[in-house]
Structure formats: structure tokens, C-alpha cells
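One structure below.
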Amino acid sequence: IGRAGPLRRRARRGSLRLMNALRAFSASSLTAVPRAGLRSAARPAFAASLRRSEIRPRGRAFPPFGANAAPARAPSVALRAAADMATAPPSADAAAFISSFNADYARIHEAYENNFWETKMNLEGNSTDALTKSFNELEAFLGDQGSLETVRAFLSDVESITDDQAVILKQIEKTLLCYIVESAEARVVRENAVGKENAMNSARNKLRLQYVEEDGTTTDATPTVLRTKIRSAKAESVRESCWNATRTVGPFLLANGFPEIIRERNRFARTLGYVDFYDMKVTQAEGFDKKTCFEMLDGLEKATRPILENALKKLESEKGADALKPWNLAYALSGELTRELDPYFPFENAPEVWGRSFAAMGIKYRDTVMRLDLCDRVGKYPNGFCHWPVAPHVGQDGKWNPSRANFTSLATPDEVGSGNTALTTLMHEGGHAAHFANITQGSPLFSQERAPFSVSLAETQSMFLDSLCGDAAWLGRYARDRKGAPVPWSLLQRSIEEKHPYEVFQLRGMIAVPYFEKALYEMDESELTAENISKVADEIELKIQGGLATRPLLSVPHITSDESSCYYHGYVFAEMAVHQTRAFFLNKFKDRGGIVDNPAIGPELEQNYWRLGSGDPGFLAMVENLTGAPLSHDAWVDSLGKTVSDLIAEEKAEYEKAVAAGSATANDSSVDLQMRALFVHGDDTIADSSLETNGYLGACATFKRWVNDKWPKTAAA
């Protein structure tokens, strides 16, 4: 008998695929997943596209979600895909599975993100119980052993799948391996930790923070206002009172379950074979372990320790020992200067400035719908962020599914310094949004912000773009007062003279967070008391920053959240990559205008850093592929070592060229970011670019009028 013909071989392969798939899910799919993992939140809203009739000028920006959603039972992805495979042609088997998996993930992910937004923004009807439930459902879906075995069955039969499908299936496998928990006991530990965390953060949202004004009046304040006043209040007594208020956050967290959350996180990680929770988080996100992470950090810490010591001595000699006090240090470096620069960063103009700057660099958002909640208020989460209820991807049918983004900052428009801070946050979070909007892979798993997405890769994009706010080439074009006058060079020169010798303080403040979390998760369970944790925090501040920190480590929001804890090293590695990338671009485009307003920058970022998302080749390889050198701290340390006189000469030349080019916001040209922008404030919708005659700029104008009305001082300035 001769060899089986092609049709018979195809039939045998099809039978093998079906048997493998059925074996995979029948053996474990329905038993490995908790009952919650077989349910999903079914609700209208925020899905394919929004009709104009769904947008209301006031009230909730989208129909109800999260706590108000009705539960709906859904069959497992492996079960439904296997049913489709029974009659599908060979390569369509994998396509059916991928499509089903993508659809299920997108629905469950969106339900969680909507609950996340509701609770973090403290919207009407928000529910921490709904947040916990949707988080556990997402974890259960990503922890489905049956889905993993189905994926591996496809990957083991390479003739049945295309190269593109193999890439997607490997990404699904990589993601599932970050979440699969075979031990029922470990799942319980995980869910307990998440429940405790959500309860603690809910209590934190209601924490009343107060400081004492110069006249003795006690005033309520948000964490953002406290930080702003520490930088800019003239009276030392006010600055000290604000700093003391930030120091109350740590004891509050420690009294509301934080030590127990640390224990539970470590127990969970160790059941999975990791050294501790930090080791688990960095390994899953970055692809290297905690040991490697801190070898890199130790090199940076050692290289910058002498720079820190010299900076502390210089500050004390110039401004006295009192300048080193934690409530005085930031003010000593920028207090009066912040006040004098403030008119050139009017908050109400910030969205337009951000939009024009990104558009001039050729950055597009590929039909993203972005919801922006930019102003501070009581009960709002005390940190800016950008999350994606809908992670973009290309479907198996070739259809582009654009992103939907939730974006928040914490501006108090009439506070000194808030405009500059808010604009930097817009550039930062807008950088995240641009990055994720341009991930064009075959599954939303390439473009969701949780593991295995590299924190360092994600933060490189946002920090590269917000770094422009410190460039004279950018400031000369975009830093304008309400009458359109450019920021004077004399202020920028002062800024360099007063800040450059002390930029190492920011670096040391960044690395203090991962060193603190490393110490925290390495503590023995018996040592995890409020007193010991507070002591360790102070010891790390003294060792790494040379004194108690202006922003106490226990007040940093990242450390309390499961998603952002053991995350801060990503900012450090990203800053390394930012300096390395900037040096590369400045050299490459030295005859074409550098980085600011260069339309080649967006396409360069999209091609080299953005489109592949969390897929191969990964963060370290991407940096090396673009810049031609492995990631190192050399460019960052070199920039810290540049003399003030050399930096002034370089920046003055760039400033003069920028001012000569004119204001970037003075022209009437439209701004096309390929994005629909919804400006909101809590439950209220302020503006929708799709309903404005002039699109994005029209929405910015409506938002500006709203700010002027709500904070009259901005209109009178």
C-alpha cells in the first residue's frame, strides 16, 4: 500500500487535532476553573462603536457597567472552540480557537477595567465587591489550564497552523503561564489578598487629609494638593504641615491590612515556585528574575552615590542645613521658580498643547476612543494612569479593533505649579495611550497592560514623550502664557542652574521604591508589623536618598495595588532607555531638527517600539535593535555629569531656534490624532470631539470654557 494521499493525511491531522483539543478541555478545563471563571459580565455600552445618541452632554459618559451589569453564563473557550473544530478545515481550527479566546478575553477584561475605572474615579454606584469579582473572573479566565493545553495541542501540530497563528498561540501560552494556578489553596490565597487590597484602597479613598494654613486654619486637601504645596508654599510651616499629612498615609495603610496583604502576596508567589512576590512580578513582566533586576539597579546606585553626596553638600552650602529637611528640599530647588514659571503653563490649554505636540511628531491613535478625567476631586485615586477597557488587535478576519482608553490626571487648575504637572502627566499618559493604540497584533493579549507586558517597555514610551517638557526646544514653542508670550530664556537658564546639579535627587527617589519593596517582601512573616515596616521605609529613605523623603515611601500609591506593586523598577529601566533613545535620535536627526515637532519620530517609535506590543523580541532587544547598543545606565549618568555651562549653551541655542519658529498653538490648523476624545469629570461629560465642529480642538475649547467657569481664577489670570 502506498503513502496516504494528501486528503487522507489532512483527515488524520484533523482527527488528531480534534482529539487533542477534546482531551485538553475534557480532562481539566471545567474542573480547573472556579465557577466564577465560567461566567462573564454581559452588558451593552463600550463595545464595538458608540452611536451619537449614546453620548449625553451631562451625566455618565457611557451606559451603566460594572456593578450594574447582569451576569451571564458562558461556555469555556476550549469547549466552544472544539465544537467549531469538528467541522472546520485545517488552519481554520486554530482561527476558531483564537477568535473565541480573543472575544472571551475582551469581554471579561472590559468588565474588570470598567469596574476599575468606576472605583478609582469614585463614580456613583461603584462597588469594590464588583471590582473584586470581575478581577477574580479575569484571573480565572487567564488561569484556565484547559485553554493552555488546547494551545499546546495546536503548537505541537505545526502543519495545522500558519506562522501568524503560531505567533498568536505562543503569546496566549506565555500569558496563561503568568496566571495559571493549579493549587486550589493558592487560588484562595490570591483571592483573599485581592479582596483585602480592594477593601484597603476603598478605605484609603475616604481618608481625610488635612494641613494647617499660615493663619492657623485647618484645611482638607487631596494628596495632589499636599504635594503641590510642599513644592510651592512660601511659608515653611505650611510645607511642614503638608508633609506631616502625607506621613499619615503609611500608618493608615498599615492599620488597614497592608502587612497581611504582603503576607498573602508572598504566600501566593511561593506556592508557584518563586522566591517571593517581587521575584514573581519582575519575572512575569520583564522575563528576568529579581536577582538580575537588582544587579542592574545596584550598578546604577553605585554609579550615582558620589553624585548624590556631592549634590547634598552643594545644597547645604548654598542654602543652609534647613534646605535638606524633607518639607524644604523640593521648595529649595524650585519654590520661587515654580511660581514664576507657572503663568507659562496654564492648565486649561494643556490638552491642546499635548495634541498639537503629538500631531507634529506624526503620532496617531488609530481610531482610539479616549476618556479623559483630568481634574482632581475628593475621593479620586491619587495618581495619574491610563488603562484600556478595550485592548486593540487585528482579528482573524483581518478587521482592526481599535483601543478604548481611560486616562486620568490630578490637576487643580488654580494651584501654583499644577498646570506644569498636569501637562507633563498628559504627555506621559498620552504616550502610554499612543503606544498601546498602535499595537497591531492578532490578539488583545499583546496590548493589555498586565503581565507579561514589560513595565520597562511601557514606561519607556511615556517617559520619552514627557521628557520633551524639559527641553528648551519644546518649551520655546509650547510654554506660552495666556496672551501667547513665550517663557523667557532667563527663567529657563535659572531652571538649569538651580535644578541640573540636583537631578540626581529624582533618580535616587525612583530607585528607593524598588529597594523598599524588595526589603518589604524579603521580611520574615513574623517581622511584618506596622512598626517594622515603618522603620524599614525610613531606613531605605536615609540610605538611598540621604534623608527622609519629600514623598514618603509608604505614601506612593503603586505599592498598595496588586497591578502596580513591584513595578517601580520599570520606571528606572525606562529612564535608562529614554536617555539612550534620546541620544540616538538627537544624533540621527541632528540635521533634521532633532526630536521636537519632527514628523519622523512617531513612525520611528511605532515601527521599533510600539507595533509588537508584549511579543518578541522584548524590551531589552527592542532598545538594542533601535539604538545599536545594549541597555545601560551610561547615557543617564553622562547627562547628570554634564556641566551647567555646557548645558546652558546647548539649550539656549535650541530655545532661540524654537522661539524664532513661533508659537505652535497660534495657528488655526486642525489637529488630527485619529482619536475621539471624551472629556469627563467624574460622572459628568464635558466635551466629545465627535460632536464638535472643529473636532479635537473644538473639544479642547469646550473643556477650556468649563475650566474657566469652574475655577474663575484661570479666566481672570
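Predicted model, so just to flag it, every value in this text is computed and none were measured.
Donor-acceptor pairing under 3.5 Å is lacking for the side chains of Glu214 and Ser237. For the residue pair Gln210 and Asp220, a side-chain donor N or O sits within less than 3.5 Å of a side-chain acceptor on the partner. Using a 3.5 Å distance cut-off with no hydrogens or angles, the side chains of Asn201 and Thr560 do pair a donor with an acceptor. A donor-acceptor contact under 3.5 angstrom links the side chains of Thr304 and Arg508, judged on distance only. Between the side chains of Glu236 and Asn328, at least one donor N or O lies within less than 3.5 Å of an accepting N or O. Side chain to side chain, His428 and Ser462 meet the donor-acceptor criterion of an N or O pair below 3.5 Å. Asn349 and Lys704 share a donor-acceptor pair across their side chains, judged by distance under 3.5 Å alone. One side chain, Thr222 or Asp376, offers a donor N or O that lies under 3.5 Å from an acceptor on the other. Looking only at atom types and distance, the side chain of His569 has no donor-acceptor partner in the side chain of Tyr515 under 3.5 Å away. For the residue pair Glu459 and Tyr567, a side-chain donor N or O sits within less than 3.5 Å of a side-chain acceptor on the partner. Residues Thr714 and Asn708 bring a donor and an acceptor atom of their side chains to less than 3.5 Å of each other. If you check the side chains of Ser418 and Thr228, you find no donor sitting under 3.5 Å from an acceptor. Side-chain contact annotation: Arg247 with Ser555, donor-acceptor N/O pair under 3.5 Å absent. Using modelled atom types and a 3.5 Å distance limit, the side chains of Arg231 and Thr421 yield a donor-acceptor pair. Thr218 and Tyr211 share no side-chain donor-acceptor pair at under 3.5 Å. Asp373 and Tyr381 share no side-chain donor-acceptor pair at under 3.5 Å. Between the side chains of Trp388 and Glu449, no donor-acceptor pair of N or O atoms lies under 3.5 Å.
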Practice prompt. Give the intermediate values and the outcome of salt bridge (Lys or Arg N to Asp or Glu O under 4.0 Å) for residues Asp322 and Lys325.
Written response: CA-CA 6 Å; Asp322 281 354; Lys325 293 178 179 177; 3.3 Å; yes

Worksheet item: Would Leu207 and Leu209 count as a side-chain contact (heavy atoms from CB on, under 4.5 Å) if you check the C-alpha gap in whole Å, the side-chain angles of each, and the deciding distance to 0.1 Å?
Response: CA-CA 6 Å; Leu207 174 62; Leu209 297 173; 3.8 Å; yes

Practice prompt. Begin with the C-alpha distance, continue with both residues' side-chain angles, and end with the deciding distance and a verdict on side-chain hydrogen bond (donor to acceptor under 3.5 Å, both in side chains) for Trp610 and Gln461.
Written response: CA-CA 8 Å; Trp610 293 353; Gln461 319 315 312; 3.0 Å; yes

Practice prompt. Evaluate salt bridge (Lys or Arg N to Asp or Glu O under 4.0 Å) for Lys314 paired with Glu318, printing each intermediate quantity in order.
Written response: CA-CA 6 Å; Lys314 178 179 174 64; Glu318 290 183 351; 2.7 Å; yes

Discussion item. The test is salt bridge (Lys or Arg N to Asp or Glu O under 4.0 Å); show your working for Glu348 and Arg482 and say whether it passes.
Written reply: CA-CA 10 Å; Glu348 66 271 19; Arg482 291 179 172 90; 2.6 Å; yes

Item to complete: List the steps and the verdict of side-chain hydrogen bond (donor to acceptor under 3.5 Å, both in side chains) for Thr368 and Ser403.
Response: CA-CA 5 Å; Thr368 287; Ser403 76; 2.7 Å; yes

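Atom CG of Leu329 is separated from atom CZ of Arg239 by 10.5 Å, given to the nearest 0.5 angstrom. Note: Phe679 CZ to Glu692 CD = 9.5 Å, rounded to the nearest 0.5 Å. Taking CG from Asn310 and OH from Tyr502, the interatomic distance works out to 11.0 Å, rounded to the nearest 0.5 Å. Rounding to the nearest 0.5 Å gives a distance of 9.0 Å between OG1 of Thr408 and CG of Leu372. Taking CZ from Arg227 and OG1 from Thr246, the interatomic distance works out to 9.0 Å, rounded to the nearest 0.5 Å. In this structure, Leu423 CG and Ser357 OG are separated by 8.5 Å, a value rounded to the nearest 0.5 Å.
The aromatic ring centroids of Phe436 and Tyr365 lie 6.0 Å or more from each other. If you look at Phe464 and His579, their ring centroids are not closer than 6.0 Å. Ring pair Trp354/Phe407: centre-to-centre distance below 6.0 Å. For His387 and Phe385, the gap between ring centers is short of 6.0 Å.
For the pair Val212/Thr217, no side-chain contact is recorded, criterion being any heavy-atom separation below 4.5 Å from C-beta on. Put simply, the side chain of Val556 does not reach to within 4.5 Å of the side chain of Phe516, judged on heavy atoms. Looking at Thr119 and Asn115, their side chains never come closer than 4.5 Å, going by heavy atoms from C-beta outward. Between Arg480 and Tyr344 there is no side-chain heavy-atom pair separated by less than 4.5 Å. The shortest distance between side-chain heavy atoms of Glu352 and Tyr696 does not fall below 4.5 Å.
With sequence neighbours excluded, the residues forming a ring pair (Phe, Tyr, Trp, His ring centres under 6.0 Å) with Tyr655 are Trp489, listed by chain and number.
Panel note: side chain Asp672, backbone Gln674; a donor-acceptor pair is recorded below 3.5 Å. A donor-acceptor pair under 3.5 Å is absent between the side-chain atoms of Ser495 and the main chain of Leu491, judged by distance alone.
Within 6.0 Å of NZ in Lys652 there are 12 or fewer heavy atoms belonging to other residues, nucleotides or ligands. Heavy atoms from other residues, nucleotides or ligands lying under 6.0 Å from NZ of Lys234 number 12 at most. Dense packing is recorded around CD of Glu650, with more than 12 heavy atoms of other residues, nucleotides or ligands lying under 6.0 Å away.
Each of His681, Lys710, Arg705 was evaluated against Ile686; a single residue qualifies, His681, per the side-chain contact (heavy atoms from CB on, under 4.5 Å) test.
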